[in-house]
Amino acid sequence: VQCDVLVVGGGAAGCVLAARLSQQPHRSVVLIEAGPDFPDRAFQPEVFKSPRGDPVFDPAFSWQYDATVTSDQDQPLDMVRGRVIGGSSAINGSEFIRGIAEDYDSWGSELWTYPQALTALRAAESDADFTGPAHGSSGPIPVRRVPTRYWTPLHEGFYEAAIAAGFPEKPDINQSDGSGVGPTPMNVGADGIRVDTAIGYLDPVRHRSNLTIRGDAVARKVIFDQQVAIGVEIQDRDGISLIEAGEIVLSCGAIATPHLLMASGVGPADHLRSVGVPVVQDLPGVGQNLRDHPIVSIPIRVLEAAGTDEGAASSPVLITYTAPDSEFRNDMLLSLPWRSQTDLIEGMLGFRCRINLSLSSGEIRLKSAEPTARPDIHLRYFEEEEDRRRMRECVRLARDLARQPALRHMIDGGLGLSEEVIGSDTALDAWLRQNAATEYHSCGTCRMGSVREIGTVVDDHCRVRGVEALRVVDNSIAPDCVRANTCSTAVMIAERAAEIMDSP
Ligand SMILES: Cc1cc2nc3c(=O)[nH]c(=O)nc-3n(C[C@H](O)[C@H](O)[C@H](O)COP(=O)(O)OP(=O)(O)OC[C@H]3O[C@@H](n4cnc5c(N)ncnc54)[C@H](O)[C@@H]3O)c2cc1C
């Protein structure tokens, strides 16, 4: 055995977990990451500093999967994920937003409740703007909102239009109560530079003699002796080798973790046999329950009065609200993101309408037994009428905001979507299905739950059912997406899992 714990995947959750587990000096921890590591930040490309997610489509730092969004779209969507130390937290939009209490109370375990999630979220952050029982002041991730003096006139107009439309002001979106319009919390330092989980959690503890970090090492499959996980086959520049470990934790994220499990023989038995993977453990839930946040962008052409901004956030202000007649609180999010030079030159940007709690869910399946072959990803957005209904309302809300005096003088010719389409449920549904995209917030594909529930993959100690010495700690264990961006939840999951792994 080469280490006590092998953490596979140095992403949002994996970096947190490796840092927390290696606090115990007697425990040897190895963290492997498929993408590059930057032990000396001086050699990290500048592009990572921007909080806006500029390296997103660079294949040197991202996995690029094809995903079908709806059956009406001819072309697959480029489903990117971070492939670098820090994972998707190194390339994302740096919006550090929490779910609401109901999101964390629905996990069905007394080990995973809102009070426990809140403790972990507080431990993770240093909030520069708010104190009190909801916030932390000494955690590794700095959180701050873009001060209003840096907002563009367009974002000020969006805020004013929301107030005029009746949304309450919500200065702290990360408070679990209420809804409304407010500034976006971001994981950036005072200098506006991104602080991902590798920078926040891992860099300060790299010197630990019981922690080894290996970049550019791709896990191919978990190796089992009977039902006991004993190691991971990896590929790096020297070829294929085995890292043996007393315990293995998969933190590859909600796409790659179920992929790796299935490639290793843990998943729906019929499906595994159909692609030629020998079955270690039949677990029908692996790769199912793919939850995410569907979005549509309603194009607008802005005038010079909208201003421009090269730094700051892509979306410094947002609205969270409950869709009319919805049974789910704060199930929608609306923003007007992205003021960049390119936007200004092209004059095009858009209202971003998002379902924060979608009822439709998708799946991930293997294409072949070869571990490096990309999996099939089907998001299956808008299969449920309730999702279409809520999104239709959101598009109409965006249209109404665009007509508010605070915004309309900055918009050239109204929305880039005709009133004929907006006014017809049938036409708008067709447009939604054609234009749906994703927020890249995938969750749920190895969901936690009790043994009695169909489709659960891990127990509340994050242990994979039916095998030994194997856990999953990343967003794939969340039963659903939280009603917020999902990075802080990945951090929470790892903080909480480390505590659980440390308790007797
Ligand atoms: C483009 C984009 C924008 C986003 N914007 C935001 C935002 O603004 N705010 C927010 O809260 N959330 C955002 N998210 C989502 C958020 O980043 C993720 O929810 C979060 O990072 C998930 O954490 P994770 O640990 O589950 O997975 P990840 O952070 O994706 O980490 C998985 C890690 O595992 C590694 N890995 C995968 N397979 C292997 C393998 N076989 N061997 C070795 N290593 C492997 C990957 O390279 C990666 O480093 C965004 C995501 C994307 C992709």
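When a ligand or atom number is given, it counts from 1 through the structure's own listing order.
The closest approach between a heavy atom of V84 and any atom of ligand 1 is below 4.0 Å. Using a 4.0 Å heavy-atom cutoff, V56 is listed among the residues neighbouring ligand 1. Under a 4.0 Å heavy-atom criterion, V218 is in contact with ligand 1.
Note on ring orientation: taking the six-membered ring where Trp is involved, the planes of H441 and H293 are perpendicular (angle over 60°, cut-offs 30° and 60°). The aromatic rings of Y104 and Y114 lie parallel to each other, with less than 30° between the two planes, well short of the 60° mark.
How far CD1 of I255 is from CG of L290: 5.5 Å, rounded to the nearest 0.5 Å.
In the vicinity of G93, heavy-atom distances shorter than 4.0 Å reach the ligand 1 atoms 3 (C), 4 (C), 5 (N), 6 (C), 7 (C), 8 (O). Close contacts between ligand 1 and A256 involve ligand atoms 37 (C), 38 (N) [criterion: under 4.0 Å to a heavy atom]. Shown in contact with S251 at under 4.0 Å from a heavy atom are these atoms of ligand 1, numbered in order with element: 32 (C), 33 (C), 34 (O).
Shortest contact from atom 9 (N) of ligand 1 to any protein heavy atom: E95 O, 2.7 Å. C487 N, 2.8 Å is the protein heavy atom nearest to atom 11 (O) of ligand 1. The closest protein non-hydrogen atom to atom 40 (C) of ligand 1 is A219 N, 3.7 Å. The protein non-hydrogen atom at the shortest distance from atom 27 (O) of ligand 1 is G253 CA, 3.5 Å. Closest to atom 21 (O) of ligand 1, if we only count protein heavy atoms, is S88 CB, 3.2 Å. Considering only non-hydrogen protein atoms, atom 47 (O) of ligand 1 sits nearest to E33 OE2, 2.7 Å. Protein heavy atom in closest approach to atom 48 (C) of ligand 1: G82 O, 3.3 Å. Atom 52 (C) of ligand 1 has its closest protein heavy atom at Y440 CB, 3.4 Å.
One finds a salt bridge joining D177 and K170 here, because a Lys/Arg side-chain nitrogen approaches an Asp/Glu carboxylate oxygen to under 4.0 Å. A salt bridge links D103 to R483: at least one charged side-chain nitrogen sits closer than 4.0 Å to a carboxylate oxygen. Residues R145 and D172 are paired through a salt bridge, judged by an N-O separation under 4.0 Å between the basic side chain and the carboxylate. In this structure, K221 does not pair ionically with E370, as no charged nitrogen and carboxylate oxygen lie closer than 4.0 Å.
Checked by atom type, the side-chain pair S442/D292 shows a donor-acceptor distance below 3.5 Å. Under 3.5 Å, the side chains of T113 and Q116 contain a donor-acceptor pair of N or O atoms. Between the side chains of R354 and N485, at least one donor N or O lies within less than 3.5 Å of an accepting N or O. Checking Q64 against S62 by side-chain atom types alone, a donor-acceptor pair falls below 3.5 Å.
The shortest N or O to N or O distance between S488 and ligand 1 is not below 3.5 Å.
A search for salt bridge (charged side-chain N to carboxylate O under 4.0 Å, His left out) contacts involving R465 returns nothing, not counting sequence neighbours. Scanning for side chain to side chain donor-acceptor pair (under 3.5 Å) contacts around S88 gives an empty result, with sequence neighbours left out.
Using a 4.0 Å cut-off between heavy atoms, A13 contacts ligand 1 through both its backbone and its side chain. Contacts with ligand 1 closer than 4.0 Å are made by heavy atoms of both the backbone and the side chain of A12. Of the heavy atoms in S94, only backbone atoms (N, CA, C, O) come closer than 4.0 Å to ligand 1. When non-hydrogen atoms are compared, ligand 1 lies under 4.0 Å from the backbone of N475 as well as from its side chain. No part of S442 comes within 4.0 Å of ligand 1, judged by heavy-atom distances. Contact annotation for A217 and ligand 1: only backbone heavy atoms (N, CA, C, O) come within less than 4.0 Å of the ligand. Under 4.0 Å from ligand 1, the heavy atoms of H441 that appear belong solely to its side chain. Looking at W63 against ligand 1, only its side chain comes within 4.0 Å, counting heavy atoms.
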### Query
Does the side-chain hydrogen bond (donor to acceptor under 3.5 Å, both in side chains) test come out yes or no for R194 and S94, once each step is laid out?
CA-CA 7 Å; R194 170 202 304 276; S94 312; 3.3 Å; yes
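When C252, A490, G9, A34 are checked for heavy-atom proximity to atom 32 (C) of ligand 1, C252 turns out nearest. Within the set T257, V80, I32, the minimum heavy-atom distance to atom 53 (C) of ligand 1 is found for V80. Of the candidates N92, I97, V232, N92 brings a heavy atom nearest to atom 50 (C) of ligand 1.
Looking at heavy atoms from C-beta onward, V84 lies in side-chain contact with F48 at the 4.5 angstrom threshold.
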